[in-house]
Each structure stands twice: as structure tokens, then as C-alpha cells.
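So that the names make sense, note that chain A is the first sequence line, chain B the second, and so on, each numbered from 1. Note: hydrogens, waters and symmetry copies are ignored here, and every other heavy atom, side chains too, is used. Quick caveat, the model's predicted, so the values are computed rather than measured.
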Amino acid sequence: AQKITQTQPGMFVQEKEAVTLDCTYDTSDPSYGLFWYKQPSSGEMIFLIYQGSYDQQNATEGRYSLNFQKARKSANLVISASQLGDSAMYFCAMRDTGNQFYFGTGTSLTVIP
Amino acid sequence: DAGVTQSPTHLIKTRGQQVTLRCSPKSGHDTVSWYQQALGQGPQFIFQYYEEEERQRGNFPDRFSGHQFPNYSSELNVNALLLGDSALYLCASSLETGPETQYFGPGTRLLVL
């Protein structure tokens with residue numbers, strides 16, 4: 001069975017500080033993909049970053065980086081220099097070899113001015 | 001470049017009725033997936049369409065059905081609506097040859113009374 005776990009229902013961060021959102025996953029597939037999405041109150045899921053299971057280096061996209069620790073089955077999202085516009089729900093997701101996606105329950109991030 | 005579009009944006013139905021939701025994928029994408037997101041939860045995979053066929057299906061009853069057209073657009077049909085079907089329905093598109101990036105539409109908010 002595939003499973004994504006996000007243990008932080010809510011997080012607060014001071015503006016301009018960095019924050020780490022935790023994600024662990026469980027799979028027996030040899031090949032899989034890991035994703036982070038941002039969901040503002042409007043509801044649209046915005047793609048942030050992707051990490052393939054065979055990628056040697058951690059993925060980075062601007063202020064977003066994915067701390068991939070394969071042995072620990074963790075894929076934490078690091079947001080640097082937080083901005084007020086970063087306040088939103090953040091979802092970790094995994095794609096299995098059958099191209100099916102599994103999402104965690106999300107973390108609500110609030111950036112404090 | 002048009003992203004994923006969905007219609008309608010909001011819908012109110014009563015129990016027992018049927019509903020059809022529509023999705024147009026991002027330009028060039030050939031794979032469409034549908035998700036149900038209940039309030040406060042992560043998206044749950046309903047099914048995925050590729051080459052006009054259902055390729056993967058999540059744990060949803062047969063009341064949920066879909067279709068993909070030759071232009072890759074897709075419909076989600078839900079019959080015999082239940083109160084518990086009230087949710088945000090998200091459509092996502094991707095490339096069969098490049099599933100690492102899945103883009104979501106703005107969603108359709110369905111309320112069943």
C-alpha cells in the first residue's frame with residue numbers, strides 16, 4: 001500500500017525566515033516520484049517541485065528545495081526567505097509506477113509579518 | 001499557453017441527482033486524472049484517462065464514471081449523488097511520456113443538499 005504522511009497540521013514562520021515542512025512516504029515500488037504542491041484558499045493546486053526516486057541530487061526550484069533522504073523515506077520541503085504570499089496549504093504527494101498519485105493530509109503554513 | 005481548465009466552478013445539486021464535470025487539459029498533455037478533495041483533506045485519486053480509456057482507478061464506487069475525448073478533454077460523471085459527495089473536484093493533466101509534472105485545474109466545488 002502507498003502512503004504519504006504529513007505530521008504537521010499547522011506551521012508558523014516569520015517573514016524572511018526559512019521553514020521545513022515534513023513528509024514521509026511508504027512504498028515498495030523501486031521507481032517513484034515525489035511532489036510538493038501549494039494550495040491557496042482559492043483551491044487551485046500549484047506545482048512546486050519534483051524529485052525522482054533515482055535522482056542523486058536534491059531538487060531545487062527558486063526558493064523551494066526538496067530534502068530527499070531515500071533511506072529514511074522522507075521528502076521534506078524547505079522554503080527559504082518566506083514571504084507573506086507563501087501562506088497556504090502544502091501537500092506532499094507520491095506518484096507510483098502506475099502513474100497513480102497519493103497525497104498527504106497537508107500542512108497549513110502561516111507566514112507572520 | 002492555456003493551463004488546465006474546469007467547468008463549472010461551482011455546482012449545487014440535491015441527493016439522487018446526477019452531475020457532469022468537465023476538464024480541458026493543458027496544451028500538449030494527453031493524460032487526465034480526477035481527484036476528490038473533501039474539506040480539510042488531501043486529494044483522493046478517482047481515476048485516470050489516457051487514449052480515451054480508463055487506465056487507473058482509485059477506491060471509488062461505480063457511481064463515479066468518466067470519459068476522455070479525442071481532443072484529450074475529459075468528463076467526470078457522478079450518479080445518485082450522496083451528501084458525502086460534496087467536495088472540491090480537481091482535474092489534473094500530464095504527459096504520458098513525462099508524468100513527473102502534473103498540473104491541476106482550479107477545481108469544481110460541488111455541494112450536495
Smallest heavy-atom separation, B:Gly42 atom then A:Phe91 atom, equals CA-CE2, 3.4 Å
Side-chain contact, heavy-atom cut-off 4.5 Å: B:Phe47 with A:Gln100?
-> no
Please flag which part of A:Ser42 lies under 4.5 Å from any non-hydrogen atom of chain B: side chain, backbone, both or neither.
-> backbone
Step through it carefully: locate the ring centre of A:Phe103, locate the ring centre of B:Phe45, and say whether they are under 6.0 Å apart.
-> no
With rounding to the nearest 0.5 Å, note down the distance linking CE in A:Met45 to OH in B:Tyr35.
-> 8.5 Å
Determine whether A:Phe47 and B:Gln102 make a side-chain contact, defined as any pair of heavy atoms from C-beta on separated by less than 4.5 Å.
-> no
Identify whether B:Leu21 and B:Tyr103 are in the same connected component of the hydrophobic contact network (ILVMFWY, side-chain heavy atoms under 4.5 Å).
-> no
Could you tell me which portion of A:Gln39 (side chain, backbone, both or neither) has an atom closer than 4.5 angstrom to a non-hydrogen atom of chain B?
-> side chain
Check whether any side-chain heavy atom of B:Ser33 lies under 4.5 Å from a side-chain heavy atom of A:Phe101, and answer yes or no.
-> no
In this structure, are over 12 heavy atoms from other groups packed under 6.0 Å from B:Arg15 atom CZ?
-> no
Assess the pair A:Tyr37 and B:Phe104: is the distance between their ring centroids shorter than 6.0 Å?
-> yes
Quick check: are there more than 12 heavy atoms from other residues, nucleotides or ligands sitting under 6.0 Å from CG of B:Leu113?
-> yes
Other residues, nucleotides, ligands: >12 heavy atoms within 6.0 Å of B:Asn59 CG | no
d(A:Glu44 CD, B:Gln6 CD) to nearest 0.5 Å is 9.0 Å
Counting only heavy atoms not in B:Phe69, do more than 12 fall under 6.0 Å of its CZ?
-> yes
Highest number of heavy-atom pairs under 4.5 Å with chain A among B:Pro43, B:Gly107, B:Gly40 belongs to B:Pro43
Check the surroundings of atom NZ in A:Lys70: do more than 12 heavy atoms from other residues, nucleotides or ligands lie under 6.0 Å from it?
-> yes
Identify which part of B:Arg55 has an atom lying under 4.5 Å from any heavy atom of chain A, answering side chain, backbone, both or neither.
-> side chain
Should the heavy atoms of other residues, nucleotides or ligands under 6.0 Å from CD of A:Gln8 be counted, would the total exceed 12?
-> yes
Examine A:Trp36 and A:Val78 and state if one hydrophobic cluster contains both, with Ile, Leu, Val, Met, Phe, Trp and Tyr joined whenever side-chain heavy atoms are less than 4.5 Å apart.
-> no
